[in-house]
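Input: a single structure, listed below in structure tokens.
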Amino acid sequence: MSVKYREFSGLNLPTIEKEILQKWEESNAFEKSIDLREGAEPFVFYEGPPSANGLPGIHHVISRTLKDLVCRYKTMQGFQVKRKGGWDTHGLPVELGVEKELGITKEDIGKKISVEDYNQKCREAVLRYKDKWDEITKKMGYWVDLNDPYITFENNYIETLWWMLKRLYDKGLLYESVSIQPYSPGAGTGLSSHELNQPGTYKNVKDTSVVAMFKAVENEKSKFLFDTVGDQQSAEVFFLAWTTTPWTLPSNLGLTAGPNIDYVLVKTFSPYTHLPVNVILAKALLGKYFKPEGENAGFENYSEGDKLLPWQILAEFKGSDLEGIEYEQLLPYEANSLKNIQSIGDDEAIKPFRVILGDFVTTEDGTGIVHTSPAFGADDYKVGKKYNIGILTMVDRQGKFVDGLGEFSNRFVKNYKDDKSYEDVNVDICVKLKKENRAFKVEKYEHTYPHCWRTDKPILYYPLDAWFIKTTALKDRMVELNKTINWKPKSTGEGRFGNWLENMVDWNLSRSRFWGTPLPVWKTEDGSEQICIGSIEELNSGIRKANEVLGGNVNENYLHEGILDLHKPYVDEIVLVSPTGKPMKRVPDLVDVWFDSGAMPYAQWHYPFENKDLVDGKKTFPADFICEGVDQTRGWFYTLHALGVLLFDNVAYKTVVSNGLVLDKNGNKMSKRLGNVVDPFQTIDKFGADATRWYLITNASPWDNLKFDIGGIQEVQRKFFGTLYNTYQFFSLYSNLDGFAFKEVYIPLEQRSEIDRWILSSLNTLVKTVTESMDDYEPTQAGRAVEEFVDEHLSNWYVRLCRRRFWKGEYEQDKIAAYQTLYECLETVVRLIAPISPFFSDAVFQNLNAVTNRFKVESVHHANFPKSNADAIDIALEERMQLAQDASSLILSIRKKVNIKVRQPLQKVLIPVLNSTMKEQLSKVEDLIKSEVNVKEIEYLTATEGFINKRIKPNFIALGKRLGSKMKTVSAEIGKLSQQDISRFEKEEKFILEVDGEPLILRLADVEISAEDIPGWSVASKGTLTVALDITISNELRKEGEAREFVNRIQNLRKDSGFEVTDRININIVENERLVHSINDYKNYICAEILADSIDFVPEISDGTQIEVNDILLKVSVIKKA
RNA sequence: AGAUCCGUAGCUCAGCCUGGUUAGAGCACUACACUGAUAAUGUAGGGGUCAGCAGUUCAAAUCUGCUCGGGUCUACCA
């Protein structure tokens, strides 16, 4: 037996990991883990591509740990798990980073720097931190294939995107429309939601707000209003509508009411003109404009100076009653005439200036009637479209009013030019309305409003042309298929994602940026003809055709080789030709980067131009599993799902795990600003990837937010890895001495001792638990179960109780059984934890396997996951071991209380047994208890009246159901039972209780009886288990105790002297009256324990050591035999 | 504003789905013990209005509703 188990010199996870990493690299362990499963059933995993233009953070480590552990687990379960990596390379963050670096703004692109150069910069920037990413990937033990990653800016990738876009186009799911988007007149550009969410964009501002009065037209529809008003002098009826942006009023086309909101018609006076008026507003908002004491008061006596406005409700009705009522245009000018409105929309059916209905109306602010200008609000636009009230954009892209608006023409709606003499046009509009009896209330209103992060000016919501994917067309199918997806946690799928699907709007694909996938749509100048390109080949033939048809130098740079780069500016230089022979230019839009990532299932394989079968043959589609942060719910999870359903009528993933955020230890979000960002490199270097991974996984469920605390990693390192390490060290120490290499036949379970069968039973139960948890994507449960096993069962019970078996005696059956058992536990545990902590598990596995060669693999990651052996599981055994642990713990606590150390043997323990099962269970573990607590015998007490005091209490679960409300009375009655009653109850197994004059028959199952006390003994109890300890120390016991103390002291001396465990010794003791009997009586025992060949009492020792045994001092010398 | 997750010991978390009468564990703290696993370990102790309020129930940490606090996502609107 030349090969020995390698013994670690100390637990240093980072060092072990470096070593393992090197081995993995040398042996291509990752590639092999896939190759070894060639032909096996695939388990499909998609890597959500990170963007390498930022540094990896600790939050990347958690989601990658989750991905990695699932993939490793599935591999060990026999699946082939290919893991193609990828890089997300397009998009705004990249562009902003480059702009910052170059010190330019969007406007400079094409001026100070050409689009070509700019995009080149972006291309260089996207993989700026690739090295850092590769490093963290390696160090954290994330196995992913980065040799052949998909990169979203590559032509092949973009070509697949084009193919997809064309398919959508052909299906009629890609269309152009206006959408109302945040727009910065100062910067002259639309803003993405990302830009709008920059810190500090939402500012508290005071705006001039106005409640405007829209005069209702009297006709058949509005008759019921005017009837109520009667023939007052001024029979005018006004709708009140509030706005904080008076500049939108010239563009007003409708008034939106809530169909179920209660409205009232109120007779009152205008606070400004003091003319009698009748106004309509939501009933719930009356209090905002009218004082209670003004109701029905003094209309006749009202005069201009009066503070109190008299008012009276004339009628009450629902919003739905108002639908269709017309009103006079508030600010009519040339530019916003009905004729113009209809000609803008090219539709004579457009009918503005009506009351329409919308669900978005609330009664929290304003009047409950919303002034609606479809150009300047998304809700307005939507409802306006539904009612076909047209659209007016009376503000140009610079942020000023257009011509034809009288005195307001060409005035900026906000001070976009930093004009010192700027006068707020909103105020002037309000003044005009006041004068014309069209304003009911004008005031400054404070609210938050988004500002452009670049110009610091308030943004406008502005209609811009954009391309959309008609996701709403397949909404039902998306909802339906979502129900088949296994969401972890479930609530995210049903709640956050489900709601999102229910409220889906069409996907706005357009981005007016530079670095991204160009939308492959070309249009003729008049827009009458357009074409969507679906491949490079199609584009190249279009290039040639256009040159042939249009002649001249059209596309001359692209005739020879075709297009080489599918980005701007090149694609924009291409002119195509329409069927009717007109030139077509590309629409300038880029595609939302989320389309890039949502397309990765297909684009990563350049589908359908290559690898067609991978997708069509369902070999790599859909994914069995994906995992990202919960913030991806409406990002990647959505786009994957949308494209999967839209294009393939299939889910894109079967299981999705959305992990929570990583917060700092105080629960704050990590941010550079706060300086609380955890550097994953430092953490891993210091504590090791395994401890970090284990901590991240076991500390909280993946979907809960994690409060990241370095202290927690230290704890994991010490508690879990330290314990496992110690257990392994213990094993290797002794098996190296004994030469155990698992060469002997596997000893059948029935021939092993109780404790061996117990730990193996627990082990198999553990395997079952872990497998179930992992299958259910609950790694936290799995990890915690292993922790408990290693700590509580394996280390603190099995090894502690079995230590002697390893170091004492010959290498025979029982010892071999112990080795086999402990070995099996270690070998199984490391395979169980391999997915979570890939390094340490592999180190231990390889150390074990190097000696025994039980697995014909190089790495734990090539081994199979353990399978639970149901035959090895013995629930009764596990229960009685628990009983033994509890009993021991109780006895030790008594020893502690009366201050008798464990080395002092005691004679007897009494344990009252409540039934025969309990006695049977206890007697099977009797020896364990006795040796653990150093007691000679255990006596079982059966119900002997007077000796044991018993306690009885109702079994609430059983009785509660039966008794219901009588429970309280019965509970009290049971509590009153005497010791005699309880005995009789136990003997007869039933008891009749008088409750409210009625007999109630109780069975034993209806109550819980426990032993409480044994008068005259030292007792302790836990649950139904009670123990009593005989604490008298006889002379014989005292001597044995002293012998044991003596052994202990000598063992310490051996250790201090640096003797080997196997060295034999001779001992001389200076004669000592008080201990001579103890030592002589137990000489054989002592010699056996301390490996002594002789113990002699001598008159004097020259250079001995002073030791102490139970306060007795004596001098000894220990001599190692040569 | 809506959706969702979370709130249990000083800290990190179990328990909640399926309600049952002394609410657990680890860490930390205190004291004692142990010392052929020792960068360990055992025993004991203090420490809780289970965020708050209300409801359902014989019985609520557990079920329901509301409120408060924290996080995230979406939206930001007259």
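The analysis underlying the following values was restricted to heavy atoms, covering all of them including side chains, and did not include hydrogens, waters or symmetry mates. Letters A, B, ... are given to chains in the order of the sequence lines, protein chains preceding strands, and every chain is numbered from 1.
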When we call it a touch if two heavy atoms are under 4.0 Å apart, what does A/T367 touch: a base, just sugar-phosphate, or nothing? nothing

Out of B/C77, B/C34, B/C13, minimum distance to the side chain of A/R784 belongs to B/C13

Would you indicate, yes or no, if B/A28 has its OP1 or OP2 atom less than 4.0 angstrom from a side-chain nitrogen or oxygen of A/R718? yes

Mind checking what makes ring-ring contact (aromatic ring centres under 6.0 Å, His included) contact with A/F730, not counting sequence neighbours? A/Y734, A/F806

By the 4.0 Å heavy-atom rule, please label A/F731 as base, sugar-phosphate, or nothing. nothing

Please identify which of these residues, A/T639, A/D592, A/T471, meets the side-chain hydrogen bond (donor to acceptor under 3.5 Å, both in side chains) condition with A/W507. A/D592

Could you tell me whether A/G960 contacts a base, only the sugar-phosphate backbone, or nothing, with contacts defined as non-hydrogen atoms closer than 4.0 Å? base

By the 4.0 Å heavy-atom rule, please label A/Q1051 as base, sugar-phosphate, or nothing. base

Looking for any heavy atom pair under 4.0 Å, which part of the strands does A/R895 touch: base, sugar-phosphate only, or nothing? nothing

Quick check for you: among B/C58, B/U21, B/U41, whose closest atom lies nearest to any side-chain atom of A/K968? B/C58

Identity of whatever pairs with B/G65 - Watson-Crick or G-U, under 3.5 angstrom: B/C53

Going by the ring pair (Phe, Tyr, Trp, His ring centres under 6.0 Å) test, name the single residue among A/Y798, A/F8, A/Y725, A/Y5 that passes it with A/F731. A/Y5

Look at all strands and tell whether A/N726 reaches a base, only sugar-phosphate, or nothing, counting heavy atoms closer than 4.0 Å. base

Less than 4.0 angstrom between a side-chain N/O of A/N1048 and OP1 or OP2 of B/C34, yes or no? no

With sugar-phosphate meaning primed atoms plus P, OP1 and OP2, does A/F376 contact a base, only sugar-phosphate, or nothing at under 4.0 Å between heavy atoms? nothing

Please pick, from B/G20, B/A37, B/C27, the nucleotide with the shortest atom-to-atom distance to any side-chain atom of A/F956. B/G20

Phosphate contact (B/C13 OP1 or OP2) by A/N699 side-chain N/O below 4.0 Å: yes

Under 4.0 Å, counting only non-hydrogen atoms across every strand here, what does A/K966 touch: a base, just sugar-phosphate, or nothing? nothing

So if I take every side-chain heavy atom of A/M967 and compare against B/C58, B/C13, B/C76, which nucleotide ends up nearest? B/C58

Could you tell me whether a side-chain N or O of A/Y638 sits under 3.5 Å from a main-chain N or O of A/F497, the two making a donor and an acceptor? no

Any A/K953 side-chain nitrogen or oxygen under 4.0 Å from OP1 or OP2 of B/U22: yes

